[in-house]
Amino acid sequence: MTPLRPRPGTGPLEGPLVHLDSTGSTNDHARELALRGAPHGTVVVAEQQTAGRGRQGRTWSAPPGRALTLSAIVRLPGAALEQLPLAVAVAVCEACEGVAAVTCRIKWPNDVWIENRKAAGVLIEARPLDGWAVIGIGLNVDTEPGEFPSELRDTAASLRSATGRRVDREDALARLAAWLPRLEDEGAVAGAFRARDALQGERIAWTTAGERQAGEARGIDDDGALVVFTDAGERVRLDAGEVHLDREPAA
Ligand code: BT5
């Protein structure tokens with residue numbers, strides 16, 4: 001394993017960079033820093049997380065030293081914070097494609113897939129009223145297929161497993177620098193998301209308020225909600241925070 005050696009002080013978002021050997025969750029570490037006033041662009045990156053989190057209490061697992069597990073603090077107006085999920089997913093796709101010969105698609109709202117396997121997940125914890133958010137990104141960069149936990153072997157991908165070549169985590173980290181200008185450009189983000197929408201035209205199932213429903217995904221609307229036509233022909237909008245899509249990456 002090659003440890004990351006990011007240049008101290010200059011993070012990929014041009015803010016301070018905090019590089020930890022191990023922490024519970026980089027999102028928790030970054031939230032503490034944000035509460036203490038850390039500036040826009042502060043990035044916390046860890047070689048290892050002992051309690052990496054997904055959404056809704058799920059777990060994020062990554063072998064030490066192979067993935068990028070990082071969290072960034074952004075201080076932006078509320079409207080810009082709202083479109084972060086889509087913007088960050090697009091940014092991660094572009095970073096991946098910049099460092100490896102892969103094509104990435106996005107499973108709404110913000111999973112990044114390579115050939116139907118999940119290569120990255122995004123966990124955004126926003127405080128819109130206080131004007132900041134923590135963007136957590138777990139990106140499988142140099143993980144070898146056998147290094148994934150057994151329950152993920154059929155569903156996860158890394159840039160290395162997808163290409164058969166080593167991929168430098170520092171290069172991937174540096175590529176994420178392209179985020180910042182994009183986060184506030186609404187039109188560009190929606191267009192870029194639509195071009196990568198893995199669910200477009202797919203049958204999906206979701207659970208809202210305990211009730212399971214099914215229908216066909218028809219892309220996102222201008223607010224970033226997923227538009228679905230139910231089997232009964234009704235058009236509904238799904239908000240990321242409220243629904244759990246049953247469709248998982250195929251093996
Ligand atoms: C996510 O949640 O995909 C968001 C993951 C965010 C992780 C980053 S790492 C840095 C920062 N600090 C944190 O503590 N978290 C963030 P969700 O959509 O709920 O997906 C979670 C599911 O993805 C799990 O239940 C597994 O099925 C799968 N999974 C876990 N680890 C994975 C991996 N390394 N690669 C692919 N899939 C994984």
Side-chain angles (χ1 to χ4, degrees), residues 11-15 25-28 30-35 37-44 53-58 60 70-95 104-113 118 120-139 176-200 204 206-209 217-228 235-245:
L13 298 186
E14 296 173 2
S25 156
T26 54
N27 262 39
D28 293 342
R31 188 187 60 228
E32 291 304 316
L33 295 181
L35 288 169
H40 176 75
T42 301
V43 171
V44 177
R53 289 188 281 117
R55 295 173 302 143
Q56 287 138 17
R58 293 189 285 267
W60 186 259
L70 64 92
S71 299
I73 297 169
V74 290
R75 295 187 183 275
L76 293 170
L81 291 179
E82 277 171 22
Q83 64 156 6
L84 277 181
L86 306 189
V88 174
V90 169
V92 173
C93 288
E94 292 183 357
C104 296
R105 299 207 300 155
I106 304 167
K107 185 192 133 198
W108 179 90
N110 50 21
D111 281 0
V112 173
W113 283 4
K118 182 162 169 171
V122 178
L123 175 66
I124 295 177
E125 294 174 314
R127 291 267 191 114
L129 295 180
D130 298 325
W132 59 264
V134 168
I135 299 170
I137 298 176
L139 168 60
L176 289 171
W179 292 352
L180 204 53
R182 290 197 148 266
L183 295 181
E184 291 177 88
D185 184 352
E186 248 171 76
V189 167
F193 183 95
R194 288 187 178 114
R196 297 179 181 278
D197 183 357
L199 295 182
Q200 173 67 44
I204 59 165
W206 67 100
T207 309
T208 311
R218 297 275 183 89
I220 54 161
D221 67 12
D222 289 342
D223 297 325
L226 185 68
V227 176
V228 183
R235 180 188 190 273
V236 293
R237 299 170 69 248
L238 305 182
D239 282 318
E242 297 165 21
V243 298
H244 171 65
L245 295 180

To the nearest 0.5 angstrom, please state how far the CD1 atom of Ile204 sits from the CG atom of Leu199. 6.0 Å
What heavy-atom pair brings Ala120 and Leu139 nearest, and what distance separates the two atoms? CB-CD1, 3.8 Å
Between Val134 and Asp28, does a side-chain contact (heavy atoms from CB on, under 4.5 Å) hold up when you go through it step by step? CA-CA 9 Å; Val134 168; Asp28 293 342; over 6 Å; no
Spatial distance of atom CG (Asp111) from atom CZ (Arg55) [nearest 0.5 Å]: 6.0 Å
Heavy-atom check, side chain of Val236 versus side chain of Thr208, under 4.5 Å: no
Hey, is the main chain of Gln200 close enough, under 3.5 Å, to the side chain of Arg194 for a donor-acceptor pair? no
Arg196: which residues meet the salt bridge (Lys or Arg N to Asp or Glu O under 4.0 Å) condition with it, sequence neighbours left out? Glu97
Side chain to side chain, Ile137 and Val88, heavy atoms closer than 4.5 Å: yes
dist Trp108:CH2 -> Ile220:CD1 (nearest 0.5 Å) comes out at 10.0 Å
So which atom in Lys107 and which in Trp113 form the shortest heavy-atom distance, rounded to 0.1 Å? CD-CZ2, 3.0 Å
Arg235 side chain to Val227 main-chain N or O, any donor-acceptor pair under 3.5 Å? no
Closest heavy-atom pair and its distance - Val189, Val90: O-CG2, 4.1 Å
Closest heavy-atom pair, Arg237 versus Asp221, reported as atoms and distance to 0.1 Å, is NE-OD2, 2.6 Å
Please tell me if the side chains of Asp223 and Glu82 come closer than 4.5 Å, counting only heavy atoms from C-beta onward. no
Taking side chain to side chain contact (heavy atoms under 4.5 Å, CB included) as the definition, give me every residue that meets it alongside Asp130, ordered by chain and number, with sequence neighbours left out. Arg127, Trp132
Measuring from Ile73:CD1 to Thr42:OG1, what's the distance to the nearest 0.5 Å? 4.5 Å
Heavy-atom pair with the smallest gap, counting every atom of Ile124 and Ala133: CG2-CB, 4.4 Å
Restricting to non-hydrogen atoms, name the atom on Leu123 and the atom on Gly54 that form the minimum distance, rounded to 0.1 Å. CD1-O, 3.7 Å
So do Ile106 and Cys93 actually touch side chain to side chain, heavy atoms under 4.5 Å? yes
Residues at least two apart in sequence or cross-chain that pass salt bridge (Lys or Arg N to Asp or Glu O under 4.0 Å) with Asp197, listed by chain then number, are none
